[in-house]
Amino acid sequence: MESITPVLSCRTVIWDKPPDNCFKINSDDSSNILKRRACIGGIVRNRNRQFIVAYAQNVQLCTNNSAEVHAALCGMKLCKDLNFGNIILEMHSLIVVNMIKGEYKVPWELMDKMETLKDMLQQLQAQVVHCYREGNVVADELSKIGAESQHENAMLYGTVKDLPREARGPFRMDKLQLPTFRIRK
């Protein structure tokens, strides 16, 4: 009997900086059904890959899609408060990206949040794009930090030095345009 060796594919993933005069939000969620927690995190950066603000928050238990939408809303609200326009919202949840773009049907329990998000996207001249998980590591780490927090309010980070250690390393990798690798069978 012959042994079958799986074929692995490897793709280089680098965080893409936004175009001139744009800001980019990377957002993510982290859900733990056993701990009955859902958490969100995200980061806003400019074209020069400079840190603007980051956030992490423990939210009420909900579906992962609902938490993804909540994470995106939080980032959009921060940009609105900072009077930023020309936003690129980058997420690795292809399902939520396709819901926002109208390609997938929105579940009834997400309709209000989704309508609010779409209104904000229009107000801030924002576009939504999909990215691989490996290009969203900073937001992923921030969402995990939110899981460990006991705070109900969002934790805001105003400088790179304020970022938790787990998010600082991936931020620096992104800033230096160092690649991560997406390996799949």
Self-check item: Candidate pair Glu141 and Arg133, rule salt bridge (charged side-chain N to carboxylate O under 4.0 Å, His left out), full reasoning
Solution: CA-CA 11 Å; Glu141 290 298 332; Arg133 181 179 305 274; over 6 Å; no
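- Summarising the geometry, atom CG belonging to Asp29 is positioned 4.0 Å from atom CD belonging to Glu68; distances are rounded to the nearest 0.5 Å.
- Within the 4.5 Å cutoff, the side chain of Phe181 has heavy atoms near those of the Thr12 side chain.
- Counting heavy-atom neighbours within 6.0 Å of Lys80 NZ, excluding the residue itself, gives a total of 12 or less.
- Remark: the backbone N or O of Cys131 is not paired with any side-chain donor or acceptor of His92 at under 3.5 angstrom.
- Geometrically, Lys175 does not engage Trp15 in a cation-pi contact defined by less than 6.0 Å to the ring centre and at most 45° from the axis.
- Distance alone, capped at 3.5 Å, places no donor-acceptor pair between the Tyr132 side chain and the Ile14 backbone.
- Taken from CD in Glu134 to CG in Asp140, the straight-line distance is 10.0 Å, to the nearest 0.5 Å.
- Cluster membership for Met111 and Tyr104, using ILVMFWY side-chain heavy atoms within less than 4.5 angstrom, is shared.
- No single ILVMFWY cluster, assembled from side-chain heavy atoms under 4.5 Å apart, contains both Ile88 and Met120.
- In this structure, the side chains of Leu89 and Ser27 come closer than 4.5 Å at one or more pairs of heavy atoms.
- Tracing side-chain contacts under 4.5 Å through hydrophobic residues (I, L, V, M, F, W, Y), one never reaches Val138 starting from Met173; they form parts of separate clusters.
- One distance of note links NZ of Lys118 with CE of Met76; it measures 13.5 Å at 0.5 Å rounding.
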Practice problem: Apply side chain to side chain contact (heavy atoms under 4.5 Å, CB included) to Phe171 and Ile43, showing your working. | Solution: CA-CA 9 Å; Phe171 171 79; Ile43 183 168; 3.7 Å; yes
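- The number of heavy atoms from other shown groups lying within 6.0 Å of CD1 (Ile95) does not exceed 12.
- In the displayed structure, Arg184 atom CZ is contacted under 6.0 Å by more than 12 heavy atoms of other residues, nucleotides or ligands.
- Lys24 places a side-chain N or O within donor-acceptor distance of the main-chain N or O of Asp16, the cut-off being under 3.5 Å.
- Across Lys17, Arg49, Arg45, a single residue satisfies side-chain hydrogen bond (donor to acceptor under 3.5 Å, both in side chains) together with Asp174, and that is Arg45.
- Cluster annotation: Leu8 is not connected to Val13 through the hydrophobic network of ILVMFWY side chains, with a link wherever side-chain heavy atoms come within less than 4.5 Å.
- With rounding to the nearest 0.5 Å, the separation of CE in Met91 from CG in Asp28 is 8.0 Å.
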Quiz item: What do the steps show when you test Tyr55 against Leu78 for side chain to side chain contact (heavy atoms under 4.5 Å, CB included), and what is the final call?
Solution: CA-CA 9 Å; Tyr55 57 95; Leu78 281 171; 3.3 Å; yes
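- Other residues, nucleotides and ligands contribute more than 12 heavy atoms inside 6.0 Å of the CD atom of Glu103.
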Practice problem: Apply the test salt bridge (charged side-chain N to carboxylate O under 4.0 Å, His left out) to residues Asp81 and Lys77: give CA-CA distance (whole Å), side-chain angles for both, the deciding distance (0.1 Å), then the verdict. | Solution: CA-CA 6 Å; Asp81 290 348; Lys77 286 177 184 174; over 6 Å; no
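- Inter-residue side-chain proximity for Cys39 and Lys144 is flagged as unmet; no heavy-atom pair is nearer than 4.5 Å.
- If you take OG on Ser93 and CG on Asn65, they are separated by 5.0 Å, rounding to the nearest 0.5 Å.
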Practice problem: Under the side chain to side chain contact (heavy atoms under 4.5 Å, CB included) rule, what do Phe84 and Ile52 come out as? Steps first, then yes or no, please. | Solution: CA-CA 11 Å; Phe84 291 165; Ile52 305 296; 3.5 Å; yes
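- A donor-acceptor distance shorter than 3.5 angstrom exists from the side chain of Asp162 to the backbone of Thr159, with no hydrogens or angles considered.
- No side-chain heavy atom of Gln57 sits under 4.5 Å from any side-chain heavy atom of Met155.
- The shortest non-hydrogen separation linking Gly85 to Phe23 is O-CD1, 3.8 Å.
- A donor atom on one side chain and an acceptor atom on the other are not found under 3.5 Å apart for Asp119 and Thr116.
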Practice problem: Might you work through the side chain to side chain contact (heavy atoms under 4.5 Å, CB included) test for Cys79 and Val44, ending with a clear yes or no? | Solution: CA-CA 8 Å; Cys79 285; Val44 180; 4.0 Å; yes
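- With values rounded to the nearest 0.5 angstrom, Asn21 atom CG is found 10.5 Å from Asn46 atom CG.
- Following chains of ILVMFWY side-chain contacts shorter than 4.5 Å, one cannot reach Val137 starting from Leu163, and the two form parts of different hydrophobic clusters.
- Considering only heavy atoms from C-beta on, Val129 stays 4.5 Å or farther from Val97 through its side chain.
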